[in-house]
Amino acid sequence: APQLARLHGLWGLGQIARTQPAARARIAELLIDSDVEVRAHAARLVGDGRMAPAADRLVPLLKDSSPRVRMWAALSLGKLQHQPAATAILEMLKDVSDDAYLRHGAVMGLVGTATPDVLHAHAKDSDRNVRLGVLLAERRNKDPQIVSFLQDSDPQLVVEAARAINDLPIPEAYPALARVLERARTL
């Protein structure tokens, strides 16, 4: 069938799945469809419909060839708060490069799946994209542990952490931010 017709059918199935659990199984089956757009929309519907039993089927999509599929899989895993996916999302961040949409999906996935301890354990990761993803997830959570990024080797991450502390605000982190600003003023 033409792609647009299939997508409309999938969206209709998403509406039906709200009241008929049998439709949820059909949506989960479409996570491995050959059509990229069908996979992406199925992944989105799994999260929007809070279809927790399908969460494990989303994890392999974090390595899909399509960035849209990967983004929607990560977003949906975050909505489902599927904690076993946190490690896979952290791995996904290594391939994000400058794709803001993919990074956003991964960050929101981490917000829903990663505990503060898991995030903090990766704050010193050797990969800059992982550290940035962790920083942004900690920002979203208003986590005072974000202060560790004030000592990061990447100046952009230091600035991002300072912005988070100031903008949100995170008052517990003010003393550390003040020390960094004082040190920068003397340079």
Side-chain angles (χ1 to χ4, degrees), residues 7 10-11 14 17-18 24-25 27-33 35-146 148-149 152 154 156-157 160-161 163-164 167-168 170:
L7 292 176
L10 181 55
W11 298 327
R18 292 179 180 179
R24 295 177 184 159
I27 292 170
E29 291 170 11
L30 294 171
L31 292 170
I32 57 170
D33 195 88
D35 187 316
V36 170
E37 284 303 308
V38 171
R39 286 196 312 273
H41 286 279
R44 179 176 157 244
L45 286 172
V46 167
D48 288 351
R50 303 293 195 257
M51 300 175 199
D56 285 332
R57 297 179 79 173
L58 288 170
V59 176
L61 295 181
L62 295 172
K63 294 181 179 181
D64 195 273
S65 60
S66 165
R68 279 179 47 78
V69 173
R70 292 167 63 200
M71 178 195 71
W72 282 113
L75 283 166
S76 290
L77 285 162
K79 286 181 181 180
L80 296 172
Q81 298 181 344
H82 189 65
Q83 289 188 348
T87 302
I89 294 170
L90 285 160
E91 280 299 310
M92 184 182 104
L93 276 166
K94 292 179 180 179
D95 297 327
V96 166
S97 65
D98 290 328
D99 188 328
Y101 294 103
L102 196 52
R103 180 179 298 111
H104 172 72
V107 167
M108 296 309 291
L110 286 176
V111 167
T113 63
T115 63
D117 290 339
V118 168
L119 290 174
H120 195 61
H122 289 86
K124 300 289 185 199
D125 196 281
S126 61
D127 190 288
R128 179 193 186 276
N129 289 321
V130 172
R131 293 195 319 272
L132 178 58
V134 168
L135 185 157
L136 295 172
E138 286 183 349
R139 175 190 176 111
R140 187 84 179 182
N141 292 333
K142 296 185 179 183
D143 188 341
Q145 293 191 59
I146 202 168
S148 67
F149 287 101
D152 197 272
D154 186 321
Q156 289 179 317
L157 271 63
E160 190 65 40
R163 284 183 183 138
D167 294 350
L168 291 178
I170 304 175

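Expressed to the nearest 0.5 Å, how far CG of D125 lies from CG of L93 amounts to 9.0 Å. The CG atom of L136 lies 8.0 Å from the CD1 atom of I146; values are rounded to the nearest 0.5 Å. With rounding to the nearest 0.5 angstrom, the CG atom of L135 is 11.0 Å from the CZ atom of R163. The CZ atom of R68 sits 11.5 Å away from atom CG of D99, with the distance rounded to the nearest 0.5 Å. If you take OG1 on T113 and CG on L77, they are separated by 7.0 Å, rounding to the nearest 0.5 Å.
For the side-chain hydrogen bond (donor to acceptor under 3.5 Å, both in side chains) condition, no pair includes a residue of residues 101-111, sequence neighbours left out. Counting only residues at least two apart or in different chains, side-chain hydrogen bond (donor to acceptor under 3.5 Å, both in side chains) contacts with residues 75-84 comprise D48-K79, D56-H82.
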Take L31 and L61 through the side-chain contact (heavy atoms from CB on, under 4.5 Å) test and state the conclusion after the steps.
CA-CA 8 Å; L31 292 170; L61 295 181; 3.7 Å; yes
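Within a 6.0 Å radius of CG in L168, other residues, nucleotides and ligands contribute more than 12 heavy atoms. Environment of NZ in K63: sparse, with no more than 12 heavy atoms of neighbouring residues, nucleotides or ligands closer than 6.0 Å. For R57, the CZ atom is densely surrounded, since the number of other residues' heavy atoms within 6.0 Å is greater than 12. More than 12 non-hydrogen atoms from other residues, nucleotides or ligands lie less than 6.0 angstrom from CG of D167.
Between R128 and D154 there is a salt bridge, with a side-chain nitrogen of the basic residue lying less than 4.0 Å from a carboxylate oxygen of the acidic one.
Closest heavy-atom contact between A54 and V46: CB-CG1, 3.9 Å. When all heavy atoms are compared, the tightest approach of M92 to A74 is CE-CB, 3.9 Å. In terms of heavy atoms, R39 sits closest to V69 at CB-CG2, 3.9 Å. Taking both residues in full, the closest heavy atoms of V134 and L90 are given as CG2-CD2, 3.8 Å, listed atom of the first, atom of the second, then distance. Between A73 and A43 the shortest heavy-atom distance is N-CB, 4.0 Å. Of all non-hydrogen atoms in P116 and D143, the two that sit nearest each other are CB-OD2, 3.8 Å.
Looking only at side-chain heavy atoms (C-beta outward), N141 and L119 come within less than 4.5 Å of each other.
Without hydrogens or angle criteria, R24 side chain to A17 main chain gives a donor-acceptor distance under 3.5 Å. One N or O on the side chain of R70 and one on the backbone of L62 form a donor-acceptor pair closer than 3.5 Å.
The only option from E138, R139, K124 that meets the side chain to side chain contact (heavy atoms under 4.5 Å, CB included) definition with F149 turns out to be E138.
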